[in-house]
Amino acid sequence: MSKWFEWRIDFEGQKRCEIISQVAIILFAVIGFAYGFLNQDLLATMKIYFGGIIFTSILTLPPWPYYNKHPVQWLPEISDKESEDPKKM
């Protein structure tokens with residue numbers, strides 16, 4: 001695969017991304033609703049909300065480096081000789 005499709009995000013980064021997306025979308029929804037309600041403007045409400053979705057997507061969809069601060073350390077690969085039946089040893 002090419003480097004463009006390597007999405008390296010660790011588990012802590014996934015958690016951080018989930019929290020950021022939930023908080024940001026709810027925040028923009030509340031701000032948009034309040035602004036639209038006070039000004040009686042449904043179009044402004046939708047613009048603020050959808051602008052927030054686009055902003056949140058820019059924050060959360062790309063694999064930014066701060067989503068991979070705790071990379072997973074996988075176990076080393078077992079060779080074929082080590083994976084043979086243990087009863088034979």
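What you see is a predicted model; the values in this text were computed from it and never measured.
- Nearest approach of Thr56 to Ala24, heavy atoms of both residues: OG1-CB, 3.3 Å.
- Cluster membership check: Ile53 shares its hydrophobic cluster with Leu42, using side-chain heavy-atom separations under 4.5 Å among Ile, Leu, Val, Met, Phe, Trp and Tyr.
- Under the rule for a side chain to side chain donor-acceptor pair (under 3.5 Å), the partners of Glu18 that lie at least two apart in sequence or sit in another chain are Gln22.
- Side-chain atoms of Asn68 never come within 3.5 Å of backbone atoms of Pro63 as a donor-acceptor pair (strictly under, hydrogens ignored).
- Atoms CD and CG, on Glu77 and Leu75 in that order, are 11.5 Å from each other to the nearest 0.5 Å.
- Members clustered with Tyr67: Ile9, Ile20, Leu27, Phe28, Ile31, Tyr35, Ile48, Phe55, Leu59, Trp64, Tyr66, by chain and number, using a 4.5 Å side-chain heavy-atom cutoff among hydrophobic residues.
- Contacts of Glu12 classified as side chain to side chain donor-acceptor pair (under 3.5 Å), with partners at least two apart in sequence or in another chain: none.
- Residue Pro62 comes nearest to Ser57 through the heavy atom pair CD-O, 3.6 Å, listed as atom of the first residue, atom of the second, then distance.
- Of the possible polar contacts, none joining the Thr45 side chain to the Phe33 backbone as a donor-acceptor pair under 3.5 Å is found.
- Put simply, NZ on Lys15 and NE2 on His70 are 10.0 Å apart, with the number rounded to the nearest 0.5 Å.
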